[in-house]
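Not measured: the values here are computed from a predicted model.
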Amino acid sequence: MTWTAPRTERTTSLSTLGMLPERQLLEGWLNWHRETLLAKCAGLDAARLATAAVEPSNLTLLGLVRHMAEIERWWFRRSFAGEPVGDVFTGASDGDEGFDGVDPADAERDFGRYRAEITACDAAVAGRALDETFMSTPAAGLSLRAVYVLMIQEYARHNGHADLLRERTDGVTGD
């Protein structure tokens, strides 16, 4: 049997985000975007997740999942928390921040790595102050607050790509 991306239950409600304190607001928007990416993938089998559906781009939904795992790790764990961790996806064919090296045979593994990276990133910043800064290059002096905003915009941009990819794959629109 072919692996299929699971359905995603929303844990974040947009209607309540505006009522939250700043930290919960930032976490809420980030989680909403994480869930949106997974919702765009839900119900597709591995082959469709790995299909470049908007020519001439080679961008795929699976590539976006892999890319976001890399970006989460880079900003939250490597840059902010200073954890000595390498890339999530490494190897000669995995270049370009996870976009390359997409293989339908690895879809379930790649989704698992993405989910594990989110858990690890959340743990890396738990209890840290939004005003806390880090000194790693090239982001010296950025605050955790800035990293949240950066990640929200990164997801928003790529979720727009995911909208197009999903619609071209099977006609599904919305989140």
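Evaluation of the salt bridge (charged side-chain N to carboxylate O under 4.0 Å, His left out) rule for Arg168 yields no partner, not counting sequence neighbours. Scored by the side chain to side chain contact (heavy atoms under 4.5 Å, CB included) test, Ala123 finds no partners at all (sequence neighbours excluded). When the side chain to side chain contact (heavy atoms under 4.5 Å, CB included) test is applied to Arg157, the partners found at least two apart in sequence or on another chain are Gln153, Glu154, His161. Checked against side chain to side chain contact (heavy atoms under 4.5 Å, CB included), Glu132 has the following partners two or more places apart in sequence or in another chain: Phe80, Arg128, Ala129. With sequence neighbours excluded, no residue forms a ring-ring contact (aromatic ring centres under 6.0 Å, His included) with Tyr114. Among residues two or more places apart in sequence or in another chain, the side chain to side chain donor-acceptor pair (under 3.5 Å) test is passed with Arg115 by none. The side chain to side chain contact (heavy atoms under 4.5 Å, CB included) test applied to Glu83 returns Arg77, Ala81, Val85, Ala124, not counting sequence neighbours. By the side chain to side chain donor-acceptor pair (under 3.5 Å) test, Asp103 pairs with no residue at all, sequence neighbours left out. With sequence neighbours left out, Arg166 forms a side chain to side chain donor-acceptor pair (under 3.5 Å) with Asp170.
Using a 4.5 Å heavy-atom cutoff, the side chains of Val125 and Leu144 are in contact. Considering only heavy atoms from C-beta on, Arg66 stays 4.5 Å or farther from Phe99 through its side chain. Put simply, the side chain of Leu38 does not reach to within 4.5 Å of the side chain of Met68, judged on heavy atoms. The shortest distance between side-chain heavy atoms of Arg10 and Trp32 falls below 4.5 Å. In this structure, the side chains of Met151 and His33 stay at 4.5 Å or more apart for every pair of heavy atoms. Inter-residue side-chain proximity for Val147 and Ser79 is flagged as unmet; no heavy-atom pair is nearer than 4.5 Å.
Residues Ile118 and Glu72 share a closest heavy-atom pair of CG1-OE2, 4.1 Å. Of all heavy-atom pairs between Ser143 and Phe134, the closest is O-CE2, 4.4 Å.
Within the structure, ring pair (Phe, Tyr, Trp, His ring centres under 6.0 Å) contacts touching residues 37-56 (residues at least two apart or in different chains) do not occur.
Atoms CG and CG, on Leu26 and Leu130 in that order, are 6.0 Å from each other to the nearest 0.5 Å. Interatomic distance, Leu164 CG to Lys40 NZ, rounded to the nearest 0.5 Å: 9.0 Å. Atom-to-atom distance recorded for Gln24:CD and Met19:CE is 13.5 Å, nearest 0.5 angstrom. Interatomic distance, OH of Tyr155 versus CG of Leu37, reported as 6.5 Å (0.5 Å rounding). Going from atom NE2 of His67 over to atom CG of Asp100 covers 11.5 Å, rounded to the nearest 0.5 Å. Phe89 CZ to Glu70 CD: the interatomic distance, rounded to the nearest 0.5 Å, is 6.5 Å.
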Distance-only check: which donor-acceptor pairs under 3.5 Å involve side-chain atoms of residues 57-64, not counting sequence neighbours?
| unit_1 | atom_1 | unit_2 | atom_2 | d |
| --- | --- | --- | --- | --- |
| Ser57 | OG | Leu59 | N | 3.0 |
| Thr60 | OG1 | Gly63 | N | 2.7 |

Which donor-acceptor pairs under 3.5 Å do side chains of residues 43-54 form with protein atoms, sequence neighbours excluded?
| unit_1 | atom_1 | unit_2 | atom_2 | d |
| --- | --- | --- | --- | --- |
| Asp45 | OD1 | Ala47 | N | 3.2 |
| Asp45 | OD1 | Arg48 | N | 2.9 |
| Arg48 | NH2 | Thr169 | O | 3.1 |
| Thr51 | OG1 | Ala47 | O | 2.7 |

- Message: Determine whether Glu117 and Phe76 satisfy the following criterion, side chain to side chain contact (heavy atoms under 4.5 Å, CB included), listing intermediate values before the conclusion.
- Response: CA-CA 10 Å; Glu117 196 56 40; Phe76 286 119; over 6 Å; no
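For Phe111 and Trp3, the ring centers are positioned less than 6.0 Å apart.
Under the side-chain hydrogen bond (donor to acceptor under 3.5 Å, both in side chains) rule, Arg34 has a single partner from Thr8, Asn159, Asp122, which is Asp122. A salt bridge (Lys or Arg N to Asp or Glu O under 4.0 Å) with Asp87 is found for one member of Arg113, Arg73, Arg78 and no other, namely Arg78.
One N or O on the side chain of Glu35 and one on the backbone of Thr11 form a donor-acceptor pair closer than 3.5 Å.
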